[in-house]
Amino acid sequence: MPAPSTFGPSGKSLVQSSDTHLPREDFRKIRSSTPIKAAKGMSTHPKHHQDVRKLSMFYTLMNPANHRDTRPAAKAGRRFKILLALCLSLPILGLLGLSPANASGPVGQPTLPAAPLAPSTPTAVHNGSTQVTLTWTDRSTNELVFGVQYRDHGGAWKNAPSLPSTSISTTGKTYTITHAVPYGTIFCYHISAANLGGVKYSPEACAVPAAPSRPTNLRVTLIGANSVGLSFGRSVVWEWGYGLYTKRAGDSSWVLNKVLVSRPPSSATEQMLADNLIWGQDYCFRVVAMNSRGQSLPSNEVCATPDYVME
């Protein structure tokens, strides 16, 4: 069998070089021939006719600006690209624990997992200097990460570095981290468990190394008909708040009258007002500092009698 020719009807080569293109008019003549007729020097074998058609399609794909293909193959190519994108997205859905089976809606909106349970109340241990050790127990196996939030003196919550979850098959795993803190400060913490379905927070726990020191120099600053104003020196360290106690003359027990949440110190003294007192009744007062470890020793005692102030 003679070797198939590589020349078209006009005698020009069908093989493209790096700097020439096959003339479009030759393909029009080839594609319009039904059946394809052999030109001079061109083989009549059916396989060779198929080769010419393939070269024509190749020319169309490589030269879209010179020849706009309106055949169904163009639409098929677009469908192939869409299917390819969907196939490539399946591994990503698998990594997220999603699949077409739990997708809904015309655009495949995924069904999110249930939010994890909140972790246990953390244990916050202050080393007495500049470090807090936090320990908590997980209560779920579907959380992705644990968040650590802290605050000082009842302020806004701030974020400490988070910790990835490694709870896979069982609950009850214990996690521990350390948090550097300034000396003499008290921070409170809670732990959050999160996944794509939501976030849940543990109860709050505060970290102090010991009960606070006692307040000093309690004195009366104001007397009203049913109240007495008091001033005292702040606790030196670790206070979270103060409790004001009163005792009527002749009673043996102290009664909590008011609680003051400690603020970042702006002075060395605090002010409190004992109210709801009975006019003309003698009272004694004392103050204690408080934190999560307990109360300090009480301050000195002072006594006063609510009365009308005559101007």
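All values below were derived from every heavy atom in this structure, side-chain atoms included, with hydrogens, water molecules and symmetry-related copies excluded.
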Set of residues satisfying side chain to side chain contact (heavy atoms under 4.5 Å, CB included) with respect to Ser120, sequence neighbours excluded:
Trp136, Thr137
How close do Thr269 and Gln271 get, counting heavy atoms only, and between which atoms?
OG1-NE2, 4.3 Å
Within the structure provided, determine whether Leu144 and Ser165 are in side-chain contact (heavy-atom separation under 4.5 Å).
no
Under a 3.5 Å distance rule, please check whether Lys258 uses its side chain to pair with a backbone N or O of Leu273 as donor and acceptor.
yes
Heavy-atom donor-acceptor pair, Arg286 side chain to Glu301 backbone, under 3.5 Å:
no
Please give me the minimum heavy-atom distance between His126 and Val181, naming the atom from each residue.
NE2-CG2, 3.8 Å
Distance from Glu143 atom CD to Ser192 atom OG, nearest 0.5 Å?
10.5 Å
Under 4.5 Å between side-chain heavy atoms, counting indirect links through other Ile/Leu/Val/Met/Phe/Trp/Tyr residues: same cluster for Tyr175 and Val132 or not?
yes
Do Arg248 and Thr246 have side-chain heavy atoms sitting under 4.5 Å apart?
no
Point-to-point distance, once rounded to the nearest 0.5 Å, from NZ of Lys200 to CG of Asn195:
9.5 Å
Can you check whether Arg234's main-chain N or O pairs, donor with acceptor, with Tyr242's side chain at less than 3.5 Å?
no
Is the shortest heavy-atom distance from the side chain of Thr171 to the side chain of Thr141 under 4.5 Å?
yes
Hydrophobic clusters here meaning ILVMFWY residues chained together by side-chain heavy-atom distances under 4.5 Å, can you tell me if Val288 and Leu256 are in one?
yes
Quick one: OG on Ser213 to CH2 on Trp238, what's the gap to the nearest 0.5 Å?
10.5 Å
Taking every heavy atom of Leu277 against every heavy atom of Asn257, the minimum-distance pair comes out as CD2-ND2, 4.2 Å
Within-4.5 Å side-chain heavy-atom neighbours: Leu163 and Val148
no
Give the ring-plane orientation class for His179 versus Phe187, where under 30° counts as parallel, over 60° as perpendicular and anything between as tilted.
perpendicular
Judged by atom type as modelled, is there a donor-acceptor pair below 3.5 Å linking the side chain of Asn226 to the main-chain atoms of Asp275?
no
Is the shortest heavy-atom distance from the side chain of Thr176 to the side chain of Thr133 under 4.5 Å?
yes
Counting C-beta onward and ignoring hydrogens, is there a side-chain heavy-atom pair between Trp240 and Cys188 closer than 4.5 Å?
yes
Do side-chain atoms of Ser202 reach the backbone of Pro119 as a donor and acceptor pair under 3.5 angstrom?
no
What verdict does the side-chain contact (heavy atoms from CB on, under 4.5 Å) test give for Leu260 and Leu244, after you've listed the backbone C-alpha separation in whole Å, the side-chain angles of each residue and the deciding distance to 0.1 Å?
CA-CA 8 Å; Leu260 173 68; Leu244 172 59; over 6 Å; no
Is Asn291 reaching over with its side chain to a backbone N or O of Glu239, donor-acceptor style, under 3.5 angstrom?
no
Going through the distances and angles, do Leu230 and Val220 end up as a side-chain contact (heavy atoms from CB on, under 4.5 Å)?
CA-CA 5 Å; Leu230 301 153; Val220 175; 3.9 Å; yes
Are Tyr245 and Leu218 linked, directly or through other ILVMFWY residues, by side chains that come within less than 4.5 angstrom of each other?
no
Over all heavy atoms of both residues, which pair between Ala193 and Leu117 is shortest? Give the atoms and the distance, please.
CB-O, 3.7 Å
State whether the number of non-hydrogen atoms from other residues, nucleotides or ligands found under 6.0 Å of Trp157 atom CH2 is greater than 12.
yes
Ignoring hydrogens and angles, tell me if any N or O in the side chain of Ser140 forms a donor-acceptor pair with the backbone of Asn142 under 3.5 Å.
no
Separation between OG1 of Thr121 and CD1 of Ile191, rounded to the nearest 0.5 Å:
10.0 Å
Verify, without hydrogens or angle tests, whether Asp307 (side chain) and Ile223 (backbone) share a donor-acceptor contact under 3.5 angstrom.
no
Pair Thr305-Asp282, side-chain donor/acceptor within less than 3.5 Å
yes
For Pro215, does its backbone N or O pair with a side-chain atom of Ser299 as donor and acceptor, under 3.5 Å?
no
Using 0.5 Å steps for rounding, measure from the OG atom of Ser235 to the CD atom of Gln295.
12.0 Å
Distance check, rounded to the nearest 0.5 Å: Arg151 atom CZ versus Gln149 atom CD?
11.0 Å
Contact check, side chains of Met290 and Val259, non-hydrogen atoms, under 4.5 Å
yes
Which heavy atom of Pro306 sits nearest to which heavy atom of Ile278, and what is that distance?
CG-O, 3.7 Å
Count I, L, V, M, F, W, Y as connected when their side-chain heavy atoms are under 4.5 Å apart, and connections chain through other members. Are Val208 and Tyr189 then in the same cluster?
no
Can you tell if the side chain of Val228 reaches within under 4.5 Å of the side chain of Tyr283, non-hydrogen atoms only?
no
Is the side chain of Arg293 donor-acceptor paired with the backbone N or O of Pro209 at a distance under 3.5 Å, no angle test?
yes
Which atoms form the tightest heavy-atom contact between Pro116 and Gly198, and what is the distance?
CD-O, 3.8 Å
